[in-house]
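Single-structure report; data block below.
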Amino acid sequence: MEQDFYAVTDKDILYEDNHLIAVYKKAGWIVQVDDTGDKSLDEMVKTYIAEKYKKPNGAFLGVVHRLDRPVSGVILFAKTSKSLDRINKMFKEREMNKTYWAVVKNKPSKMNGNLVHWLVKNPKKNITTAYNHEVAKGQRAELNFKVIGHIDGYYVIEVDPITGRPHQIRVQLASLGSPIVGDNKYGYPRGSRTKSISLHAKKLEFIHPVKKEKITIEAPLPKDGFWNKFTSLER
């Protein structure tokens, strides 16, 4: 029997303990309810926890970060208010190391480096504009990147964001002349049939807020005809 697209199962769980749960987010899932009315990932995870642990009154779940709807990969939730407070603080103080993989068609203007922009988001159009200099209402955005592969005419870029701004990776890579495959909002010539873009949240590394142990959570690349080209790059 095929899995319901809008349901989280054991296969989607990348890490879980009494404090945290990390889930494999599929491209197309929204993290929290928006005006589309589509089922959200936090609702799915709450249902998963309530059913797994037989909680008739439902389960607590805290959202600590988000991924854009067309993006896949690892996303972390808090299972208690205590861990939510601590994880929120870690994100704010940049104690969470995040790694993304992006696939682009155009060769970047440089193969590695550091990008700093000031981003201004237009909430009505849900689009962000990057500036090379400080601007009014602009949020400073910074990331490190390096090209890690060139396969079948596509370049795979590993990105380590230092800040976490809306659409940051998408617009900053587009500023290199290398929009992400499928991301027609930021300059790729066409969108994908699945309404996904080739941006994947690959890894989260952090010190556990309660256990004080180093935690590394990795999300394998999506199993589809396009991403399958790049599985040889996974270490």
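If you're wondering where the values come from, they're calculated on a predicted model, not measured in any experiment.
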Could you tell me whether a side-chain N or O of K79 sits under 3.5 Å from a main-chain N or O of D17, the two making a donor and an acceptor? yes
K195 atom NZ, neighbour heavy-atom count above 12 within 6.0 Å: no
Going by side-chain heavy atoms closer than 4.5 Å, which hydrophobic residues are tied to Y24, directly or by a chain of links? L14, Y15, L20, F60, V64, V74, L76, L84, I87, M90, F91, M96, L204, F206, I215, I217
Considering all heavy atoms of both residues, which atom of A27 and which atom of S72 are nearest to each other, and what is their separation? N-CB, 3.9 Å
From H65 atom NE2 to I75 atom CD1, the distance as rounded to the nearest 0.5 Å: 4.5 Å
Would you mind reporting whether M44 and W29 have side-chain heavy atoms less than 4.5 Å apart? yes
Hey, what else clusters with Y131 if you join Ile, Leu, Val, Met, Phe, Trp, Tyr whenever side-chain heavy atoms sit under 4.5 Å? V116, W118, V120, V135
Start with the C-alpha distance between K110 and L115, add both sets of side-chain angles, then the distance that settles side chain to side chain contact (heavy atoms under 4.5 Å, CB included), and finish with yes or no. CA-CA 11 Å; K110 49 186 179 178; L115 297 179; 4.2 Å; yes
For K146, look at atom NZ and say whether over 12 heavy atoms of other residues, nucleotides or ligands are found less than 6.0 Å away. no
Calculate, to the nearest 0.5 Å, the distance between atoms CD1 and OG belonging to I180 and S192 respectively. 12.5 Å
Determine whether K203 and T216 satisfy the following criterion, side chain to side chain contact (heavy atoms under 4.5 Å, CB included), listing intermediate values before the conclusion. CA-CA 7 Å; K203 184 165 61 175; T216 301; 3.7 Å; yes
Just so I know, are the side chains of L221 and E234 near enough to count as touching, which here means a heavy-atom distance under 4.5 Å? yes
Taking all heavy atoms of K39 and all of Y6, pick out the closest pair and write down the distance. NZ-O, 3.3 Å
Before you tell me yes or no, could you show the steps for H19 and H208 under side chain to side chain contact (heavy atoms under 4.5 Å, CB included), namely the whole-Å CA-CA distance, both residues' side-chain angles and the distance that decides it to 0.1 Å? CA-CA 9 Å; H19 314 281; H208 195 288; 3.6 Å; yes
Which pair of non-hydrogen atoms, one from H200 and one from P222, has the smallest distance, and what is that distance? ND1-CD, 3.7 Å
Would you confirm whether D12, through its side chain, and T9, through its main-chain N or O, come within 3.5 Å as a donor-acceptor pair? yes
For V147, all residues meeting side-chain contact (heavy atoms from CB on, under 4.5 Å), sequence neighbours excluded: P108, M111, Y155, I157
Does the side chain of Y186 come within less than 4.5 Å of T128's, by heavy atoms? yes
May I ask whether V159 and I162 are part of the same hydrophobic cluster, defined by side-chain heavy atoms of I, L, V, M, F, W, Y residues being less than 4.5 angstrom apart, directly or through others? no
Connected to I207, directly or through other members, by ILVMFWY side-chain contacts below 4.5 Å are none
Note: Y154 and K105 closest approach over all heavy atoms is CE2-CD, 3.6 Å
What do the steps show when you test I49 against F77 for side chain to side chain contact (heavy atoms under 4.5 Å, CB included), and what is the final call? CA-CA 12 Å; I49 294 171; F77 296 96; over 6 Å; no
Which atom names give the shortest non-hydrogen contact between A102 and L199, and what distance separates them? CB-CD1, 3.8 Å
Not counting sequence neighbours, list each pair that qualifies as a salt bridge (charged side-chain N to carboxylate O under 4.0 Å, His left out) and has a residue in residues 42-68. E16-K52, D68-R170
Going by heavy atoms in the side chains, are T47 and V8 under 4.5 Å from each other? no
Euclidean distance, S175 OG relative to N132 CG, rounded to 0.5 Å: 7.0 Å
Has K89 got more than 12 heavy atoms of other residues, nucleotides or ligands less than 6.0 Å from its NZ? no
May I ask you to test the I197-V71 pair for a side-chain heavy-atom distance under 4.5 Å? yes
Measure from the side-chain N and O atoms of K25 to the backbone N and O of R69, and report whether any donor-acceptor pair falls under 3.5 Å. yes
Tell me the closest heavy-atom pair linking L233 and I148, and the distance in Å. CD2-O, 3.7 Å
So, applying side chain to side chain donor-acceptor pair (under 3.5 Å) with D160, which one of N144, T99, N114 is it? T99
Cluster partners of I30, using ILVMFWY side-chain heavy atoms under 4.5 angstrom, listed by chain and number? none
Any link between I169 and V103 through a network of hydrophobic side chains (Ile, Leu, Val, Met, Phe, Trp, Tyr) touching at under 4.5 Å? no
Spell out, yes or no, whether Y188 and I151 are grouped together once hydrophobic residues are joined by side-chain heavy atoms under 4.5 Å, including indirect joins. yes
Spacing of F230 atom CZ and S198 atom OG [to the nearest 0.5 Å]: 7.0 Å
Tell me whether I13 shares a hydrophobic cluster with L61, the cluster being built from Ile, Leu, Val, Met, Phe, Trp, Tyr side chains joined at under 4.5 Å. yes
Side-chain donor or acceptor of R165 paired with backbone N/O of A141 under 3.5 Å: no
Is Y100 linked to V181 within one hydrophobic cluster, defined over Ile, Leu, Val, Met, Phe, Trp and Tyr using a side-chain heavy-atom separation of less than 4.5 Å? no
Would you say NZ of K212 has more than 12 non-hydrogen atoms from neighbouring residues, nucleotides or ligands within 6.0 angstrom? yes
Sub-3.5 Å donor-acceptor pair from the side chain of K185 to the main-chain atoms of N126, do we have one? yes
Look only at the side chain of Q168 and the backbone of E142, and say whether a donor-acceptor pair between them is shorter than 3.5 Å. yes
Does one side chain, of S178 or N106, offer a donor that lies under 3.5 Å from an acceptor on the other? no
